[in-house]
Amino acid sequence: MQLKQISPYCYEIPQSGSMNVPGRVFMSERMASALSEEEALKQVANVATLPGILTAAMAMPDMHWGYGFPIGGVAAFDWDTGVISPGGVGYDINCGVRLAGTGLEKKEILPAVERLVTALFQNIPSGVGSTGSVKLSVKEEMRVLREGGRWAVRQGLGEPSDVERTEDGGCMAEADPSVISERALMRGTRQLGTLGSGNHFLEVGVVDEIFDERAARAFGLFPDQVTVLLHSGSRGLGYQVCDDSLAFMARHVRTLDIQLPDRQLACAMIRSEAGRRYFAAMACAANYAWANRQILLHRARETFQQVLGIGPRDLAMHQVYDICHNIAKREEHTVDGKKRIVCVHRKGATRAFPPGHPAVCEAYRQTGQPILIPGDMGTASYVMAGTRTAMAQSFGSTCHGAGRVLSRKAAKKRSRGRAIHRELADKGILVKWTGRSTLAEEMPEAYKDIDQVVDAVHGAGLSKKVARLRPVCVIKG
DNA sequence: ATGTCC
């Protein structure tokens with residue numbers, strides 16, 4: 001695949017064949033010269049052939065191969081003439097990240113870190129198929145699917161400001177539980193408030209460096225501050241919604257006059273009944289994920305108070321933000337100087353709305369939307385802020401994380417004979433985990449260099465660096 | 001990501 005550099009941090013796949021627009025990859029020159037993502041680039045070009053796509057099929061520096069659409073991909077479609085595709089959202093619908101700051105400094109928790117990580121691991125169910133945090137009747141689950149994070153706060157599992165400081169207020173209004181399969185509902189009844197497995201985690205960290213004082217202050221972050229960062233999604237329910245939708249879309253797309261370069265790009269016109277149906281189901285899973293992360297934060301608050309023997313006022317665990325990085329959204333964007341309603345697919349990509357945007361909560365109107373970028377468990381994670389450049393260049397989007405360089409299998413092979421948890425402990429990071437091969441699959445070497453990814457989107461202007469967090473202890477599934 | 005194959 002021939003890439004043409006069009007600006008210091010942007011490379012284009014020229015429009016050719018049945019592509020309706022070019023492809024665009026945001027990355028540094030260093031990353032471009034070392035790029036070995038031929039399959040992901042092909043997927044970018046494939047997405048560019050879909051009806052109604054606007055400006056370009058895009059990819060972020062953390063891109064890698066995914067189901068149909070690349071992970072790290074952004075694709076916006078005209079609401080009237082474009083399509084929506086489950087492959088453009090991903091299996092873990094509203095997989096996302098939540099960050100909370102505390103009133104504590106690192107030295108205040110150091111004597112208790114071992115007890116803290118043990119208690120977090122006990123109090124938060126983790127691993128494939130984990131259950132047992134909250135049990136729902138199907139009737140109550142319907143409320144979760146309609147209300148999202150707000151449901152959890154109404155149950156006493158959080159604070160109103162948590163919901164205010166969540167993307168979309170932790171709820172997509174388009175959710176319609178009547179379109180969800182019986183099987184998806186059943187899977188959802190016992191998994192709310194559980195972590196999951198793979199790259200999902202809950203991490204206690206500290207603010208290690210501040211790059212933007214003003215934004216950090218607005219986000220409630222200060223040097224050496226203890227933070228809680230968690231990464232989880234819509235669990236088995238979201239998986240089932242995606243699976244059901246893919247099966248349905250594969251049949252549906254054959255009734256349309258669309259030639260797909262890859263069957264995994266199965267889609268529907270956004271305005272069609274099939275499109276509306278997927279959007280309504282996806283929104284249910286998104287709301288489930290927000291309720292899930294809300295409960296995980298609540299469990300973290302409970303655990304800190306229990307272990308440290310302090311009350312909520314001394315803990316002062318306040319939510320900074322909660323973002324999703326696997327979602328499709330109805331948004332207004334300016335395309336070629338004209339305002340358009342578009343459906344933005346962000347799959348392994350994060351919203352990055354600028355200062356002054358009406359969708360950004362009041363507290364962050366001056367700074368832009370907070371963006372949470374988890375790195376690997378041995379390195380660092382970043383807090384960034386949205387920009388006007390992102391609005392102009394990438395439909396208000398940026399990267400989502402480090403991105404894999406080793407497959408799970410390759411990572412397991414590389415870790416043979418090693419004790420990853422000891423290597424992490426030597427770096428001062430305590431980790432507790434559930435799955436037999438989770439630590440091997442998730443070891444730091446399995447991921448790209450988070451600093452390079454973040455520097456690339458910062459350099460491209462798609463978001464700006466606010467703070468870096470270093471892990472102290474981690475629980476994983 | 002995922003009751004890692006109903």
Side-chain angles (χ1 to χ4, degrees), chain A residues 40 43 62-73 85-98 125-136 141 180-202 230-248 264 281-282 284-290 292-293 296 323-328 345-350 374 376-377 400-413 433-442 446-447 475-477:
Chain A
Q43 292 188 316
D62 50 338
M63 71 164 176
H64 51 110
W65 180 88
Y67 182 94
F69 290 56
I71 294 161
S85 172
V89 170
Y91 263 92
D92 191 3
I93 295 165
N94 190 5
C95 186
V97 186
R98 178 173 298 219
S126 64
V128 177
S130 50
T131 59
S133 184
V134 172
K135 172 102 171 73
L136 296 167
E141 186 183 5
I180 300 282
S181 71
E182 199 69 31
R183 197 159 156 206
L185 282 172
M186 285 317 293
R187 290 183 75 168
T189 52
R190 295 162 68 211
Q191 292 198 321
L192 200 62
T194 66
L195 192 60
S197 71
N199 60 6
H200 289 169
F201 65 81
L202 186 147
L230 62 93
H231 180 200
S232 188
S234 48
R235 311 288 291 107
L237 179 135
Y239 178 94
Q240 196 60 50
V241 166
C242 179
D243 218 38
D244 295 341
S245 303
L246 285 169
F248 171 75
Q264 295 186 350
M282 179 206 72
C284 287
N287 292 348
Y288 188 93
W290 273 315
N292 188 40
R293 291 196 290 273
L296 294 175
I323 52 95
C324 40
H325 53 229
N326 275 6
I327 200 78
H345 294 62
R346 297 192 183 92
K347 180 189 190 181
T350 311
D376 65 77
M377 61 183 160
H400 88 303
R404 273 195 175 276
V405 276
L406 297 179
S407 68
R408 290 182 179 191
K409 198 174 157 191
K412 265 196 275 199
K413 198 172 160 189
W433 69 102
T434 302
R436 182 172 282 272
S437 49
T438 298
L439 275 204
E441 291 171 358
E442 294 294 316
Y447 285 90
I475 66 166
K476 289 193 68 75

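Chain A is the first sequence line, chain B the second, and so forth, proteins listed ahead of strands; every chain is numbered from 1.
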(request) Send over the distance from A/Lys476 NZ to B/dT2 C1', rounded to a whole Å. (result) 15 Å
(message) Just the rounded figure in Å: distance from C1' of B/dT2 to CZ of A/Arg183.
(response) 11 Å
(message) For A/Arg190, I'd like to know if atom CZ has over 12 heavy atoms of other residues, nucleotides or ligands within 6.0 Å.
(response) no
(message) Under 4.0 Å, heavy atoms only, any strand: does A/Gln191 hit a base, just the sugar-phosphate, or nothing?
(response) sugar-phosphate
(request) Describe the nucleic acid contact of A/Gly233 in one word from base, sugar-phosphate, nothing, applying a heavy-atom distance below 4.0 Å. (result) nothing
(message) With a 4.5 Å cut-off on side-chain heavy atoms, are A/Arg98 and A/Ser232 touching?
(response) no
(message) Taking NZ in A/Lys135 as the centre, count heavy atoms belonging to other residues, nucleotides or ligands within less than 6.0 Å. Is the count above 12?
(response) yes
(request) Write down the distance between CE (A/Met186) and P (B/dC6), rounded to a whole number of angstrom. (result) 16 Å
(request) Evaluate the ring planes of A/Phe69 and A/His345, with Trp represented by its six-membered ring, and classify them as parallel (under 30°), tilted (30 to 60°) or perpendicular (over 60°). (result) parallel
(message) Please report the distance, rounded to the nearest Å, between CZ in A/Arg190 and C1' in B/dT2.
(response) 16 Å
(request) Report the distance from atom NE2 of A/His200 to atom P of B/dT2, rounded to the nearest whole Å. (result) 5 Å
(message) Is there a side-chain contact between A/Ser197 and the phosphate of B/dT2, meaning an N or O under 4.0 Å from OP1 or OP2?
(response) yes
(message) Measure CG/A/Asn292 against C1'/B/dT2 and give the value in whole Å, please.
(response) 14 Å
(message) Looking at the base of B/dT2, is there any donor atom on it, or on the side chain of A/Arg408, that sits under 3.5 Å from an acceptor on the other one?
(response) yes
(request) Using atom CG of A/Asp243 as one end and atom P of B/dT2 as the other, report the distance to the nearest whole Å. (result) 13 Å
(request) In whole angstrom, give the distance that lies between atom OH of A/Tyr239 and atom P of B/dT4. (result) 8 Å
